Asks: 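Structure incoming, see below.
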Amino acid sequence: MKHFLKETDFARSELPKLFALARELKRKRGKRGAPRPLEGQTWAMIFSKSSTRTRVSFEVGIHELGGNPLFLNKNDIQLGRGETVEDTARVLSRFVHGLIVRTFDHSEVERLAASGSVPVINALTDFLHPCQIFTDAFTMTERWAKGTTGAKLVESLRGRKIAFLGDTACNMANSWILGANLFGMKISLAGPKEFAPSAEFKAHLATEKFPGGGSYHFTTDPFEAVRDADVVYTDVWVSMGKEDEKQERIRVMSPYVVTAKLFAAAKKDALFMHCLPAHAGEEVTQEVLDNPRSIIFDEAENRLHMQKAILATLAAARR
Ligand code: CP
Ligand code: NVA
């Protein structure tokens, strides 16, 4: 069973087809003859955290592919009252064709995948957010590989440098380290040393089959990280579930605001990206969010197209 719990659940060799499909689905959206590979299927979405982009893009995407999205707030189902993850996976597998899960503990998506008999997609855990990273990479290829498709799309990522600022221990930072290694990109991260990539993440990275075990560069100097960067990326400083640490996080991360000055220290044609939601005035200034090289809303839109490609690919892998 093919799942999408982490970036490396797709081999590099599978990426050209996936990215080309996302581009095709984007082009054909709303047109006659647009593919409907989920016809007759229901995909359940179990969410334990808030969401705007992920929820809406999956619900709309499943519908556009001919399927039926079934949104389940964790607290509305027995899982929220103590029914086991394993029994939930076994029961839902009797009804639906796939599970899309947003939760806290990453092991929950792994346990659902291990116990159920349908594909599972990670819609964000505390550890990783792979749907966002694949979407972001696809969004970069729209800028760097205009008018091409397939292998050339993915090749346009190779050797590019991404700089990730702020909370470099969060799900987005972890996922971008995996993504950069998968796509052949370089990644520099800058944040407070107490928010450097965690021991848990480093242990995981060592298990991945990247040449040399996977690489990244961490520094506490934001200007060092953005030097020669093709993309400057940030995320909120207070991820969902970390609200109790808000004051301390804002205090230690304040040197890592993406200001116009910091953005200008990257390559002169560098792109600014953010998974959103953004907190203007915290991790990034409004001026940078509004910069013509800020592609945050293309990124948001592309969640729809890339996730449709992922859904179609996982559904096809079952046939
Ligand atoms: N970027 C992202 O996942 O946004 P939501 O939390 O709104 O889904
Ligand atoms: N790191 C953020 C990402 C939100 C899309 C969080 O987990 O809240």
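Below, each value reflects all heavy atoms present in this structure, side chains not excepted, and no hydrogens, waters or symmetry copies. Model, not experiment: these values are computed from the prediction. Just so you know, ligand 1 is whichever comes first in the structure, and atom 1 is the first atom listed for that ligand.
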Asks: Please list, by chain and number, the protein residues whose heavy atoms come under 4.0 Å of ligand 1.
Replies: S51, T52, R53, T54, R102, H129, Q132, C275, L276, R303
Asks: Kindly indicate whether the side chain of F272, heavy atoms from C-beta on, has any atom under 4.5 Å from the side chain of V231.
Replies: no
Asks: Is it the side chain (CB and beyond), the backbone, both or neither of D126 that lies under 4.0 Å from ligand 2, heavy atoms counted?
Replies: neither
Asks: What protein heavy atom lies closest to atom 4 (C) of ligand 2? Include the residue and the distance to one decimal.
Replies: L124 CD1, 3.9 Å
Asks: List the residues meeting side-chain contact (heavy atoms from CB on, under 4.5 Å) with A280, not counting sequence neighbours, and say none if there are none.
Replies: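 For A280 the side-chain contact (heavy atoms from CB on, under 4.5 Å) partners, ignoring immediate neighbours, are Q286, L289.
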Asks: Is T54 in contact with ligand 2, taking contact as a heavy-atom separation below 4.0 Å?
Replies: no
Asks: If you measure every N/O of M172 against every N/O of ligand 2, is any gap under 3.5 Å?
Replies: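 No; every N/O pair is 3.5 Å or more apart.
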Asks: Are the side chains of V154 and R12 in touch, meaning some heavy atoms are under 4.5 Å apart?
Replies: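 Counting from C-beta outward, V154 and R12 do come under 4.5 Å.
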Asks: Any cation-pi pair here, K193 with F218, using under 6.0 Å and within 45°?
Replies: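 Here K193 fails the 6.0 Å and 45° test against F218.
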Asks: K31 side chain to R27 main-chain N or O, any donor-acceptor pair under 3.5 Å?
Replies: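 A pair under 3.5 Å: yes.
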Asks: With heavy atoms of L276 as the reference, note each atom of ligand 2 found under 4.0 Å away.
Replies: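 Per the distance check, 5 (C).
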Asks: Rounded to the nearest 0.5 Å, what separates atom CD in E299 from atom CG in L271?
Replies: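 E299 CD to L271 CG: 9.5 Å, rounded to 0.5 Å.
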Asks: Report yes if some N/O of D235 lies less than 3.5 Å from some N/O of ligand 2; otherwise report no.
Replies: yes
Asks: Determine, using ring centers only, whether F10 and F134 are less than 6.0 Å apart.
Replies: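 Distance test on ring centres: under 6.0 Å, yes.
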Asks: Is it true that, when you exclude E224 itself, more than 12 heavy atoms of the residues, nucleotides or ligands shown sit nearer than 6.0 Å to its CD?
Replies: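 Counting neighbours around CD of E224, more than 12 heavy atoms of other residues, nucleotides or ligands fall under 6.0 Å, so yes.
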Asks: Would you say S239 and ligand 2 have an N/O pair spaced under 3.5 Å apart?
Replies: yes
Asks: Does the structure place the NZ or CZ of K49 under 6.0 Å from the centre of the six-membered ring of F104, at an angle of no more than 45° from the ring's axis?
Replies: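 Judged by the rule (NZ or CZ under 6.0 Å from the ring centre, within 45° of its axis), K49 counts as positioned above F104.
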Asks: For atom 7 (O) of ligand 2, what's the nearest protein heavy atom and its distance?
Replies: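 Its nearest protein heavy-atom neighbour is N171 ND2, 2.9 Å.
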Asks: Can you find a pair of side-chain heavy atoms, one from F183 and one from R160, that are under 4.5 Å apart?
Replies: no
Asks: Closest non-hydrogen protein atom to atom 8 (O) of ligand 2, residue and atom name please, with distance?
Replies: M240 N, 2.8 Å
